There are 2 protein chains.
Amino acid sequence: MATTGPGKPVSASTARGGHEGHGGSGAGAPARRSTIRDVARQAGVSVATVSRVLADNYPVTHTTRAKVLRAVRQLDYVANAHAKALAGTGVETIALVLDDITWSAFAQIGAGVEQEAARRGRLCLVCTTQGDRQRELAVVNLMREQHAAAVILVGGIQYTTEYRERMSRFARSLDSVGSRLVLCGRPPLADDLPATVVEYDNEGGAYGATAHLLSLGHRRILFVGAQEGQSTADGRLSGYRGALADYRVAAAPELEREGLFLRDAGLRAVREALREQVAFTAVFAATDMVALGALEGLREAGLRVPDDVSLIGYDDIPMANELTPRLTTVHVPYQELGRTAARLVLDRRDGVGGAEDRTRLSTHVVVRGSTAPPAPGPR
Amino acid sequence: MATTGPGKPVSASTARGGHEGHGGSGAGAPARRSTIRDVARQAGVSVATVSRVLADNYPVTHTTRAKVLRAVRQLDYVANAHAKALAGTGVETIALVLDDITWSAFAQIGAGVEQEAARRGRLCLVCTTQGDRQRELAVVNLMREQHAAAVILVGGIQYTTEYRERMSRFARSLDSVGSRLVLCGRPPLADDLPATVVEYDNEGGAYGATAHLLSLGHRRILFVGAQEGQSTADGRLSGYRGALADYRVAAAPELEREGLFLRDAGLRAVREALREQVAFTAVFAATDMVALGALEGLREAGLRVPDDVSLIGYDDIPMANELTPRLTTVHVPYQELGRTAARLVLDRRDGVGGAEDRTRLSTHVVVRGSTAPPAPGPR
DNA sequence: CTGAAAGCGCTAACAA
DNA sequence: TTGTTAGCGCTTTCAG
């Protein structure tokens with residue numbers, strides 16, 4: 001007996017010949033789904049009635065409703081989301097675009113977005129770009145096709161003129177189809193562009209981290225993870241510089257080390273600085289991942305943290321609190337960032353009054369065990 | 001001048017009065033997207049021609065194609081994915097259902113799925129359940145509506161009769177609409193059910209971990225993270241027991257400690273065991289997160305790892321290699337697991353011959369610094 | 001090579 | 001209270 005078949009035989013379907021119960025059992029065979037018409041026929045009512053019962057937005061006799069619901073159950077019917085979408089109803093979806101979901105900060109942002117979206121009945125489409133800006137472009141267009149209610153772009157970028165122009169195009173392009181561009185942890189665009197921005201106090205966190213080291217007495221602080229033009233790196237670097245300036249400590253080019261936000265960059269930068277005999281008593285790593293590499297670099301040189309050299313990171317990834325010593329770092333409320341991004345854009349969409357389209361969450365230093373006053377001796 | 005407006009004025013639209021360029025600038029105002037008809041009108045051709053040019057699957061004059069493409073550019077037109085889907089074309093989507101994307105193992109699986117899906121032109125819908133099985137049900141139905149090509153359920157579960165029945169229903173229900181249930185890191189269902197299963201050698205890894213400790217000379221090994229009925233926990237526990245049996249070491253109930261797969265569970269279990277004066281020289285934590293808690297528990301009791309007590313984890317999360325000492329653990333190829341899940345289901349769908357519907361990836365112990373022979377003294 | 005028109009599955013007037 | 005029907009935007013025969 002056919003698995004999905006109803007109790008009593010169904011009269012010949014409209015068109016396509018009757019598949020057997022197991023629809024897609026064959027490789028990729030497009031199954032014959034039951035449609036609202038099947039349900040209507042089975043229940044002996046019209047499609048409109050079925051629609052009404054299912055939407056539950058219109059008066060329907062108790063008995064009719066029962067008949068319909070029974071038919072639905074018998075046929076294991078679910079509505080076709082695409083048809084609903086086309087007809088104007090249908091669940092909205094939010095698109096989330098990020099480099100790599102395995103990076104802790106991104107995963108947290110993603111979790112925040114997804115939770116808030118789900119809470120408000122939206123679906124969440126996730127696309128990763130592995131840092132490929134070309135793919136980002138393709139993805140945004142794809143999302144425009146998908147009628148995504150919003151497209152949330154996550155994470156810092158190479159901040160160029162070309163980039164700004166592309167984003168402006170994205171913003172307008174999405175706006176023109178009723179969608180919305182959201183920049184999360186990314187610098188804002190021109191004020192007149194239709195986009196929502198959710199930032200965190202990137203520079204302030206770096207300022208705080210540096211000030212923490214300075215107030216401990218450090219004067220030679222190695223900054224690791226500078227990246228010319230990368231928005232996040234630039235913000236952190238300028239927070240570092242700003243604090244130095246406020247403490248009347250001269251900046252030194254040899255203390256600002258280039259490097260990506262990866263563990264390996266931290267390792268290499270510290271090794272090089274050591275090899276070049278650059279004097280420093282503390283390391284400010286632009287991310288916790290970089291700090292991990294720096295830690296290894298220090299250790300392989302026989303330097304203890306924090307006794308010989310202090311180390312501070314940025315991001316406060318869960319791992320930070322598990323290291324030995326526990327890593328002092330800058331806490332960024334990533335999950336909250338994601339949640340806020342979703343909230344703002346959905347508030348605006350749901351017509352909630354006073355929905356802002358620009359927010360900045362604050363960051364703060366979390367002092368743990370990897371920072372201490374500089375050792376009195378040399379270095 | 002209207003942003004999306006064409007060069008020369010367009011004759012009055014079919015129905016709704018002409019919105020201005022900026023479509024959705026108002027909160028959630030459903031914008032007037034340009035449709036294929038707009039493009040056709042603008043290009044002075046029929047919609048069929050536009051469709052053909054865009055699909056590029058039919059001979060079209062060079063000049064006609066040019067006209068169409070120009071119109072597309074002028075109107076910044078993108079097709080409506082829902083309409084395409086309804087008409088039978090359209091990008092497929094894969095649904096990924098997991099407890100929490102911030103958990104390292106899940107994030108890695110997710111990354112694997114997403115990458116493989118993207119590589120093969122599919123979109124990836126992510127839903128989290130926070131361990132709520134009720135929500136899992138709702139999500140699967142939602143995915144059925146969405147016409148997801150596959151629904152990938154990730155991670156261990158409470159393995160009950162009720163669960164098995166629900167999964168059977170899922171499997172058949174998805175199959176009946178041409179979709180496919182995929183179980184990733186979850187026990188398989190009955191053989192005759194339409195589902196794809198991608199497992200890893202859960203029990204084998206635990207056996208290896210335990211054997212590693214046994215061969216170092218440990219005989220009293222605390223297992224932390226037992227959970228009656230939880231499939232993953234059960235598998236690991238039985239690997240532990242199996243190794244003990246093979247080494248002719250008697251199992252002891254007081255050595256098997258209950259607890260969730262969370263850091264806190266590890267901490268509590270070790271504290272309790274210590275308080276109860278249970279003798280042990282090694283700890284096998286059911287996950288690396290549990291190992292983290294166990295490590296803290298050992299340390300606060302003044303016990304050194306591995307000098308006083310050896311510690312081994314499971315999962316090989318990135319953090320494992322950053323701990324002091326570096327954590328010995330069982331490596332699970334999570335990303336590969338996700339990639340495989342996507343690959344199998346898409347192979348089958350794309351009609352690639354010989355696509356299996358059941359695979360098991362292997363695991364292996366990664367020996368690092370947290371395990372050593374037991375100390376000669378007491379304990 | 002191009003166009004007209006019939007669906008795809010659902011919703012929402014409009015009628016009855 | 002229920003049914004009929006005209007779209008929603010796109011693809012795809014079938015004619016020309």
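Throughout, protein chains are lettered first and strands after them, A, B, ... in sequence-line order, and every chain is numbered starting at 1. None of the values given here were measured: they were computed from a predicted structure.
- With rounding to whole Å, B/R37 atom CZ is found 14 Å from C/dG3 atom P.
- Among the atoms of the strands shown, only primed sugar atoms or phosphate atoms (P, OP1, OP2) are found under 4.0 Å from some heavy atom of A/V45.
- Atom-to-atom, CG of B/L86 to P of C/dT11 comes out at 12 Å; the value is rounded to the nearest Å.
- Across all strands, B/S51 comes closer than 4.0 Å to base atoms (heavy-atom distances).
- Contact between the side-chain N/O atoms of A/K84 and the OP1/OP2 oxygens of C/dG9 is not found at any separation under 4.0 Å.
- Donor-acceptor pairing under 3.5 Å is recorded for the side chains of A/T49 and A/S46.
- Side-chain N/O atoms of A/T64 include one lying less than 4.0 angstrom from OP1 or OP2 on D/dT2.
- Each of A/R339, A/R120, A/R180 was scored for a salt bridge (Lys or Arg N to Asp or Glu O under 4.0 Å) with A/D347, with one residue passing: A/R120.
- For the residue pair A/T196/A/R348, the side-chain donor-acceptor check at 3.5 Å is not satisfied.
- With C/dG9, D/dG9, D/dT2 as the choices, the nucleotide that has an atom nearest any side-chain atom of A/T61 turns out to be D/dT2.
- For B/Q42 (side chain) and B/L75 (main-chain N/O), no donor-acceptor pair under 3.5 Å exists by modelled atom type.
- You'll find a donor-acceptor pair under 3.5 Å spanning the side chain of B/R52 and the base of D/dT13, going by distance alone.
- If you check C/dA4, D/dG3, D/dG9 against the side chain of B/A48, the one that comes closest is C/dA4.
- When the nearest nucleotides of DNA chain D are assigned to A/S46 and B/H82 by heavy-atom distance, the more 5′-ward of the two goes with A/S46.
- Atom C1' of nucleotide C/dC10 and atom CZ of A/R33 are separated by 13 Å, given to the nearest angstrom.
- Rounding to whole angstrom units, OH of residue A/Y58 and P of D/dG3 are separated by 13 Å.
- Straight-line distance from the CZ atom of B/R41 to the P atom of C/dG3: 14 Å, rounded to whole Å.
- Between B/V47 and A/T89, the residue anchored nearer the 5' end of DNA chain C, judged by the nucleotide with its closest heavy atom, is B/V47.
- Under the 4.0 Å criterion applied to side-chain N and carboxylate O atoms, B/R166 and B/E162 are assigned as salt-bridge partners.
- Formation of a donor-acceptor pair under 3.5 Å by the B/S51 side chain with backbone atoms of B/V47 is not found in this model.
- Of the candidate nucleotides D/dG3, C/dG9, D/dC10, C/dG9 has the atom nearest to the side chain of A/A87.
- Within residues 139-148 of chain A, no residue has a heavy atom under 4.0 Å from DNA chain C.
- Across the protein-nucleic acid pair, A/I36 atom CD1 and D/dT2 atom P stand 15 Å apart, rounded to whole Å.
- Residues A/D76 and B/R144 are paired through a salt bridge, judged by an N-O separation under 4.0 Å between the basic side chain and the carboxylate.
- Side chain of A/D350 to main chain of A/V352: no donor-acceptor pair is present (N/O by atom type, distance under 3.5 Å, no hydrogens or angles).
- Atom CG of A/N80 and atom C1' of D/dC8 are 13 Å apart (whole Å).
- Atom P of nucleotide C/dC1 and atom NZ of B/K67 are separated by 14 Å, given to the nearest angstrom.
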